[in-house]
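Below you'll find the structure, written out as structure tokens, and then a few comments.
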Amino acid sequence: MAFAWKAAGITYNRYLAVAARVVRRSLKEDKRLAAERRGEMSEMRFAKWEGGKQGDHKDLETANAKALAENAGQQSQ
Amino acid sequence: MLSRAARPALQAGSAAAFRPAVVALPTLQNANYATLREIEGRLKSIKNISKITKTMKIVASTKLTRAQRAMEAAKKYGATSQQVFDEAETKEAEDSNEKTLLVVCSSDKGLCGGVHSGLSRAARKMLNEKPNDYDIVVLGEKCKAQLSRSNAKQIVLSFSGIGKNVPTFADAGAIADQISLLPTEYKNTKVLYNKFINAQSYQPIAIDAYNEETISQSPNFAQFEIDDEVLVNLREYALANDLFWALAEGHAVEQSARRNAMDNASKNADEMIDKFQILYNRTRQSVITGELVEIITGAAASEDQ
């Protein structure tokens with residue numbers, strides 16, 4: 001079984017997040033607002049550590065998107 | 001006759017006795033006034049602190065109900081996900097040389113009693129048992145600060161910005177994605193979080209999230225008819241589920257601990273306010289009495305002359 005999203009380098013969680021976003025956006029106006037407030041990602045940052053030293057702070061969402069784009073490149077090759 | 005003869009001596013004596021007192025009095029008086037001022041200032045600051053802690057307690061209480069509701073919902077996610085592994089009787093791989101990844105779920109905010117240090121202590125205990133067996137991912141600034149002092153070399157990732165709101169599944173998914181991007185292959189992932197026992201107590205425990213190999217080796221795995229390819233998805237999803245569960249429960253614990261801490265702080269502040277109020281009144285009284293005594297003795301002394 002091959003998954004279309006795997007080929008695009010998207011992880012299962014990302015796939016879920018995209019699907020959930022689509023569902024939320026197709027709700028009626030009042031319900032949509034409530035659902036979006038519930039499902040929104042909070043602003044998170046992360047840092048990689050090497051040898052006991054903390055690296056730079058990066059925004060989690062953009063870093064994830066970037067990593068996925070890189071993965072997509074690897075998969076298609 | 002005797003009294004008249006005695007009086008100058010007495011006056012001289014009393015004057016001699018009074019003179020140092022008069023010299024000493026201004027400093028004494030100043031000291032009294034100073035302490036009175038000091039006590040007043042302290043009283044005011046304690047009153048302000050108690051106002052702040054009371055407000056924080058109210059905020060934590062309202063957040064707690066929401067956090068508890070989110071926790072109940074998140075528990076279902078986690079329990080369902082865990083049920084799969086229970087049915088399959090998945091067990092942690094013992095013999096493999098690969099490391100275990102320890103994910104510590106704290107948050108960015110303090111003022112909630114021993115929540116974060118309890119987690120750090122539990123993490124350190126696990127790390128001390130098998131020093132070379134773990135890599136750490138830290139969620140939240142508080143545990144990062146604590147663990148970076150003792151186990152900085154083992155930390156591979158740290159996340160911040162957690163705990164401002166009730167954690168969402170999108171957060172957990174994003175964290176799980178970033179964790180699964182780590183270059184090292186881990187035999188097992190342990191998610192360490194504070195388990196909510198009741199409003200007063202909590203306990204740091206770890207839940208397991210397994211990798212594909214361990215899942216496929218579990219004894220009852222044949223019960224499930226799935227392709228091997230799906231296992232990667234299952235692992236990612238299970239990790240996100242576990243993280244979501246841990247974050248939501250940790251958040252609820254943190255709020256309830258903050259509520260308790262602020263409750264205690266308000267109580268202590270109230271106690272201190274009472275004590276200082278009494279002290280303040282007493283000091284004020286004694287200053288007034290002292291002044292009265294001075295005036296009266298002064299009047300009596302000048303009357304005689």
Side-chain angles (χ1 to χ4, degrees), chain A residues 1-25 27 32-75, chain B residues 66 69-70 73 108 135-141 144-145 147-183 226-241 243-244 247:
Chain A
M1 214 194 307
F3 301 103
W5 76 80
K6 275 277 160 200
I10 291 177
T11 60
Y12 186 64
N13 288 322
R14 187 81 193 159
Y15 167 70
L16 283 182
V18 172
R21 198 167 61 210
V22 171
V23 172
R24 272 199 292 272
R25 283 187 184 166
L27 287 171
R32 182 179 66 87
L33 287 175
E36 276 187 352
R37 210 172 305 137
R38 234 182 308 131
E40 226 163 51
M41 209 179 118
S42 38
E43 268 179 36
M44 276 197 290
R45 296 153 70 72
F46 79 104
K48 283 190 176 150
W49 288 59
E50 249 167 67
K53 287 265 153 56
Q54 186 180 353
D56 290 339
H57 269 290
K58 279 180 250 171
D59 188 67
L60 185 60
E61 212 171 353
T62 50
N64 266 351
K66 211 171 132 195
L68 294 179
E70 275 169 24
N71 269 354
Q74 281 169 8
Q75 298 266 335
Chain B
R66 251 202 304 159
R69 231 180 300 140
D108 281 6
D135 273 350
I136 319 173
V137 171
V138 195
L139 313 183
E141 292 282 343
K144 186 187 89 179
L147 286 173
S148 67
R149 255 178 275 137
S150 60
N151 303 80
K153 288 231 164 85
Q154 282 154 297
I155 298 178
V156 285
L157 274 180
S158 70
F159 294 84
S160 57
I162 294 154
K164 279 182 200 138
N165 280 314
V166 176
T168 62
F169 194 81
D171 296 343
I175 295 170
D177 276 356
Q178 196 55 240
I179 288 174
S180 52
L181 280 173
L182 284 174
I226 41 169
D227 284 326
D228 283 355
E229 247 181 277
V230 193
L231 278 180
V232 185
N233 297 338
L234 177 64
R235 185 188 79 159
E236 282 167 9
Y237 185 51
L239 180 60
N241 267 330
L243 279 175
F244 181 49
L247 281 175

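Keep in mind that the numbers below use all heavy atoms, side chains included, and drop hydrogens, waters and symmetry copies. Everything quoted here is computed from the prediction, not taken from an experiment.
Put simply, the side chain of B/V138 does not reach to within 4.5 Å of the side chain of A/W49, judged on heavy atoms. Taking the side chain as every heavy atom from C-beta outward, A/Q54 and B/S148 never approach each other to under 4.5 Å.
At a 4.5 Å heavy-atom cutoff, the contact between B/Y237 and chain A is made by backbone and side-chain atoms alike. Proximity to chain B is absent for every atom of A/A17, based on heavy atoms less than 4.5 angstrom apart. Residue contact with chain A, scored on non-hydrogen atoms closer than 4.5 Å, involves the backbone and the side chain of B/N233 alike. If you measure heavy-atom distances from A/R38 to chain B, the contacts under 4.5 Å come from the backbone alone. Within the 4.5 angstrom heavy-atom criterion, only side-chain atoms of B/V232, from C-beta onward, approach chain A. With a threshold of 4.5 angstrom between heavy atoms, B/I175 approaches chain A through its backbone and through its side chain. With a threshold of 4.5 angstrom between heavy atoms, B/L157 approaches chain A through its backbone and through its side chain.
To the nearest 0.5 Å, atoms CG (A/N64) and CG (B/L181) are separated by 6.5 Å. Taking CG from B/D177 and CD from A/E61, the interatomic distance works out to 11.5 Å, rounded to the nearest 0.5 Å. To the nearest 0.5 Å, atoms CD (B/E141) and CZ (A/R45) are separated by 9.5 Å. Once rounded to the nearest 0.5 Å, the distance linking CG of B/N165 with CD of A/E43 reads 11.0 Å. Between A/K53 atom NZ and B/K153 atom NZ the span is 8.5 Å, to the nearest 0.5 Å. Atom CG of B/L239 is separated from atom OH of A/Y12 by 14.0 Å, given to the nearest 0.5 angstrom.
Of all the listed residues (B/A172, B/A174, B/G161), the one sharing the greatest number of non-hydrogen pairs under 4.5 Å with chain A is B/A174. Comparing B/T168, B/L139, B/D108, B/I155 by heavy-atom pairs within less than 4.5 Å of chain A, the highest count is held by B/I155.
In terms of heavy atoms, A/N13 sits closest to B/A176 at ND2-CB, 3.5 Å.
By the neighbour-count criterion of 12 heavy atoms within 6.0 Å, atom CZ of A/R32 is densely surrounded, having more than that number from other residues, nucleotides or ligands.
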